[in-house]
Engineer: 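Quick one: this structure, given as structure tokens, is what I'll be asking you about.
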Protein chains: 2
Amino acid sequence: MTDIAYRRVAEDLRSAIAAGEYPAGSHLPSENELMARYGVSRGTIRQTYAQLLRQGLIASRQGSRRVVVDTHRVQSFEDVISFSIWVRSMGGIPSGKVIRLEWRDATDEEQEKLNLGSGAAVVHMIRLRLMNDKPAMVERSAYPADIGRIVAGLDLERDSVTERLAAEGHAFARASHTIDALSAGREDARLLDVAVRTPLLRDRRVSLNAAGRPLEYTEDRYRADVVSFTIGNSEQVNHLARRSKPLRDPSSYRIAGT
Amino acid sequence: MTDIAYRRVAEDLRSAIAAGEYPAGSHLPSENELMARYGVSRGTIRQTYAQLLRQGLIASRQGSRRVVVDTHRVQSFEDVISFSIWVRSMGGIPSGKVIRLEWRDATDEEQEKLNLGSGAAVVHMIRLRLMNDKPAMVERSAYPADIGRIVAGLDLERDSVTERLAAEGHAFARASHTIDALSAGREDARLLDVAVRTPLLRDRRVSLNAAGRPLEYTEDRYRADVVSFTIGNSEQVNHLARRSKPLRDPSSYRIAGT
DNA sequence: GAGTGGTCTAGACCACTTG
DNA sequence: AAGTGGTCTAGACCACTCT
């Protein structure tokens with residue numbers, strides 16, 4: 001679809017990997033092979049493989065062919081930023097329940113993170129996110145006024161904010177996350193259907209557009225028995241993904257009655 | 001230091017950034033400038049900037065000069081893998097207290113993660129890690145026999161396992177992490193000096209050498225009031241770092257008496 | 001020794017940002 | 001309009017892996 005050559009080749013390879021044509025651990029085509037197959041130069045193929053490396057799909061070693069990494073997983077920027085896109089990428093059904101939606105003055109933290117002046121108004125939203133109708137995460141988000149106007153007009157039970165904002169010309173281009181752990185408070189516990197003081201995994205992030213303007217400040221609190229993060233890193237590359245836990249040992253987590 | 005041109009230029013730029021020559025938000029030299037200054041071709045300079053982008057130090061936009069990213073932070077693979085190196089990079093003093101060190105048969109999980117046959121022996125270590133004599137993390141590590149022999153011979157109260165293994169020819173080249181949250185159990189609580197059921201941030205990882213052989217399987221449990229992880233990501237790049245929390249609001253965490 | 005990826009050069013055209 | 005980064009080509013030599 002894209003008209004950029006190295007990305008077209010990368011898309012083909014990702015599809016082939018996803019289709020099982022190159023299983024985990026198997027060798028990928030050499031640079032020479034792909035140059036001939038696509039009629040492009042070596043630099044272009046190297047750009048292709050550099051992208052797959054950044055995305056954590058492959059590993060490479062001088063002298064040996066590139067191999068497919070074993071943790072095969074749909075992997076894109078949007079998977080990490082958008083709960084809806086991530087859930088759908090795993091074949092699940094995402095939904096949301098708006099707990100609160102209001103205009104109010106930005107807190108000090110929101111002013112700082114969203115780069116707003118004092119007294120600026122934001123749209124603040126609290127939303128329970130569900131995966132296949134099971135509570136997975138509570139999301140608390142703040143949007144600057146012009147973005148907030150759009151968000152407030154969406155069907156937040158069903159729409160993906162990320163996708164709808166992108167359609168309006170406000171695509172997220174990058175984000176910086178801080179990940180830590182905290183205890184479920186009373187509201188968290190009630191919404192997520194867990195006991196008070198259950199440990200939750202927290203992701204706070206600022207999402208920026210391509211020009212570096214902050215569009216959203218969000219705090220996500222995940223049930224640690226449902227979601228974890230995976231990160232692969234080396235001197236050359238880091239990659240990040242959300243992971244759904246298989247719930248193989250439900251007894252180790254206390255679930256509150258409702 | 002290195003004899004690879006693009007890395008030499010990258011080292012120079014990292015030093016200049018660290019020295020404050022290019023403050024956060026400032027513009028970096030154009031590709032043309034660096035080509036002239038170092039007498040290399042454009043491709044080499046582009047490799048340099050690609051590395052700095054991967055490391056999360058800079059951001060780039062077509063048509064505009066590259067800029068230094070604001071979250072300046074010492075950033076290297078070893079910072080994320082090695083507690084000792086990370087603490088020292090922030091000017092702190094790392095130490096460790098060995099709680100248990102033993103040879104035993106690998107558990108099923110260790111066999112899988114370390115790629116060992118059934119019945120294989122591992123060295124298993126539990127160690128409390130301190131930053132400036134304050135408990136920060138409990139580490140539980142398993143090593144295959146040949147690596148374990150080396151580890152068992154170290155001064156584990158003071159040495160960096162990562163650095164000593166590298167000196168013996170067993171350098172870690174990459175790792176894959178799973179991050180989630182859990183409740184402090186009795187042993188965790190006692191060692192970390194927190195109340196039982198305090199939420200902890202957990203990082204489980206397998207560290208591999210360049211050939212892809214697993215050298216270590218580790219589970220780290222961090223005090224969430226002391227350490228968090230930061231991640232920056234975009235379509236092009238992800239980067240990961242540990243962050244020390246400033247402890248600005250100690251009242252929000254219950255600390256157990258000892 | 002043949003094949004492969006890592007590094008490097010010297011050009012080119014285009015899209016985008018900025019004065 | 002000039003400058004800058006994004007993409008692409010067509011070569012080259014080297015270090016490493018494999019058999």
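None of these values were measured; they are calculated from a predicted model. Just so we're on the same page: letters track the sequence lines, and every chain starts at 1.
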Engineer: Reading DNA chain C from 5' onward, which residue's closest nucleotide shows up sooner: A5(B) or R42(B)?
Structural biologist: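 This one resolves to A5(B).
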Engineer: So does Y6(A) get a backbone contact from the side chain of Q47(A), meaning a donor-acceptor N/O pair under 3.5 Å?
Structural biologist: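 Such a contact is absent between Q47(A) side chain and Y6(A) backbone.
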Engineer: Counting the atoms with a prime plus P, OP1 and OP2 as sugar-phosphate, which does R66(A) contact under 4.0 Å by heavy atoms, base, sugar-phosphate, or nothing?
Structural biologist: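 Sugar-phosphate only.
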Engineer: Provide the start and end nucleotides, 5' to 3', of the part of DNA chain D that has atoms under 4.0 Å from heavy atoms of chain B.
Structural biologist: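 With heavy atoms of chain B under 4.0 Å away, the range is dG3(D) to dT7(D).
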Engineer: In whole angstrom, what separates I58(A)'s CD1 from dT4(C)'s C1'?
Structural biologist: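 Distance check: I58(A) CD1 to dT4(C) C1' gives 13 Å.
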Engineer: Not counting sequence neighbours, which residues clear ring-ring contact (aromatic ring centres under 6.0 Å, His included) with Y222(A)? List them please.
Structural biologist: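 F229(A).
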Engineer: What is the separation between atom CE on M35(A) and atom P on dG3(C), rounded to the nearest whole Å?
Structural biologist: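 From M35(A) CE to dG3(C) P: 15 Å.
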Engineer: Among pairs that include at least one residue of residues 18-28 of chain B, which meet salt bridge (Lys or Arg N to Asp or Glu O under 4.0 Å), considering only residues two or more places apart or in two chains?
Structural biologist: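 Those involving residues 18-28 of chain B do not exist here.
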Engineer: For R129(A), give me all partners under side chain to side chain contact (heavy atoms under 4.5 Å, CB included), at least two apart in sequence or on another chain.
Structural biologist: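 Expected list: F83(A), S84(A), R127(A), M137(A), E139(A).
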Engineer: How is Y6(B) classified with respect to the nucleic acid when contacts are heavy atoms under 4.0 Å: base, sugar-phosphate, or nothing?
Structural biologist: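 Sugar-phosphate only.
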Engineer: Both Q62(A) and T44(A) contact DNA chain D. Taking the nearest nucleotide for each, which residue is further toward the 5' end?
Structural biologist: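 The residue closer to the strand's 5' end, by nearest nucleotide, is T44(A).
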Engineer: What residue pairs, at least two apart or across chains, pass salt bridge (Lys or Arg N to Asp or Glu O under 4.0 Å) with a residue in residues 110-120 of chain B?
Structural biologist: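 Found R104(B)-E110(B).
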Engineer: Under the rule for side chain to side chain contact (heavy atoms under 4.5 Å, CB included), what residues qualify as partners of L154(B), not counting sequence neighbours?
Structural biologist: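 Result, side chain to side chain contact (heavy atoms under 4.5 Å, CB included) vs L154(B): L156(B), D159(B), V161(B), R164(B).
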Engineer: Pick base, sugar-phosphate or nothing for R46(A), based on heavy-atom distances below 4.0 Å to the nucleic acid.
Structural biologist: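 Answer is base: heavy atoms of R46(A) come under 4.0 Å of a base.
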